[in-house]
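Taking it in order: structure first as structure tokens, then the write-up.
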There are 2 protein chains.
Amino acid sequence: MPEKTNIGPLNDLMTYHLRRAQVTSFNNFTDAMAETQVTPGQFGVLTLIASNEGMSQSAVARSLGVERSTMVAVIDGLENRGLVLRKPSPTDRRSNALVLSDEGKEVYARGLELAKKSDRVTTSALNDEEAVQLVTLLRKMNSAAGV
Amino acid sequence: MPEKTNIGPLNDLMTYHLRRAQVTSFNNFTDAMAETQVTPGQFGVLTLIASNEGMSQSAVARSLGVERSTMVAVIDGLENRGLVLRKPSPTDRRSNALVLSDEGKEVYARGLELAKKSDRVTTSALNDEEAVQLVTLLRKMNSAAGV
DNA sequence: TATTGTTATACTCTATAACTATA
DNA sequence: TATAGTTATAGAGTATAACAATA
């Protein structure tokens, strides 16, 4: 057990607690998803494609708040694993229509279960009402930030 | 304004909202701290040293949840800027007693103001009661995770 | 035996800038 | 002119493994 240090004013800073909570939730997520070998970032992409079949790489990138150049390697990884297919867009020859393969759909479905389980670990110190409060407040914050 | 995409089940995942909120708060922090050129990670270190004069690098690392090897470059940076001093520990010849220089104290004091201001930007969509609720819930989560 | 600080090394995630092919 | 995908490149931030000095 690590000794307790006085963290001083950090204890009153939202930024600090957000960062620590995010690191914890990221680690829980990675542990829970071990069997699928899907990272948090990849899971976001799978979810978006599952919910919006045929969307473009640029649209995925915008929706997740990253650059489209960053998305290339992510899609490459998912494509190489056979989870995502780049199909030609029927309406725009510049863009790829992203879809999940059958295996991609299976991995995504299983991943969603595991992601929910990891959420329960992350919030295990909170009762149901508190967990709902927390996600509601975060959602409100993020919506206002255009996220 | 980016087009609205259906984010599907991501909208119910704590992990997702934590990550987005953390990225937003990180960006707000970096913007607010521009005049000091202090990063979030550096600010955490400055705060810890200010609140626990003479603490060791390993203790700082443990308290922030990173490896002590990671801390070396962080302290190097702060030392090179003249904000932090590595003094010999009076009780353990292996370890450095970290203290803030006079300039370090000034930069930290100014940084704390700016960090609080950035917190207010980050939570600007929430009223005072909601902001307190949010930080309280995060603190509870983190305490339970040993953070 | 265990811990402190350090180095060497590598990995992940991300961004910027420039290119091409389309729109 | 602007956008989609791509490449090359670089910068944070982090970890692991090993080492000498000290506890």
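Remember, predicted model here, so these are calculated numbers, not experimental data. Side-chain atoms are counted along with the backbone in the values below, which use heavy atoms only and exclude waters and symmetry mates.
In 5' to 3' order, the nucleotides of DNA chain D bounding all contacts with chain B (an atom under 4.0 Å from a heavy atom) are dA15(D) to dA23(D).
Residue contacts for V72(A): at a heavy-atom cut-off of 4.0 Å it reaches a base atom on one of the strands shown. Within the nucleic acid shown, Q57(B) comes within 4.0 Å of sugar-phosphate atoms alone, with no base atom in reach, counting heavy atoms only.
Note that CZ of R86(A) is 9.5 Å distant from CG of L78(A), once rounded to the nearest 0.5 Å. To the nearest 0.5 angstrom, L18(A) atom CG is 13.0 Å from H17(B) atom NE2.
Following rounding to the nearest Å, R68(A) (CZ) and dA21(C) (C1') show an atom-to-atom distance of 13 Å. Following rounding to the nearest Å, Q42(A) (CD) and dT14(C) (P) show an atom-to-atom distance of 11 Å. Put simply, CE on M71(A) is 17 Å from P on dT12(C), counting in whole angstrom units. dC13(C) atom C1' lies 15 Å from atom CD1 of I75(A), rounded to whole Å.
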* Please walk me through it: do L138(A) and M14(B) pass side chain to side chain contact (heavy atoms under 4.5 Å, CB included)? -> CA-CA 8 Å; L138(A) 291 172; M14(B) 189 72 74; 3.9 Å; yes
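Distances shown here put a side-chain N or O of T70(A) below 4.0 Å from the OP1 or OP2 atom of dA15(C).
With hydrogens and angles ignored, the 3.5 Å screen pairs no side-chain donor or acceptor of R68(B) with any backbone N or O of Q57(B). Remark: side-chain polar atoms of T39(A) are paired, donor with acceptor, to backbone N or O of Q42(A) under 3.5 angstrom.
The two atoms that bring S124(B) and V121(B) nearest to each other are OG-O, 2.9 Å, heavy atoms only.
If you find the closest nucleotide of DNA chain D to D76(A) and to R19(A), the one lying nearer the 5' end belongs to D76(A).
Within residues 82-101 of chain A, the residues having any heavy atom closer than 4.0 Å to DNA chain C are, in order of number, D92(A), R93(A), R94(A).
Evaluated for a side chain to side chain donor-acceptor pair (under 3.5 Å) with T15(B), the options D119(A), N28(A), T122(A) yield exactly one hit, D119(A).
Side-chain contact, R81(A) with Q37(A): no donor N or O sits under 3.5 Å from an acceptor N or O.
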Could you list the donor-acceptor pairs under 3.5 angstrom formed by side chains in residues 43-56 of chain B, with sequence neighbours left out?
| residue | atom | partner | partner atom | Å |
| --- | --- | --- | --- | --- |
| T47(B) | OG1 | F43(B) | O | 2.8 |
| S51(B) | OG | T47(B) | O | 2.9 |
| N52(B) | ND2 | N6(A) | O | 2.7 |
| N52(B) | ND2 | L48(B) | O | 2.9 |
| S56(B) | OG | A59(B) | N | 3.1 |

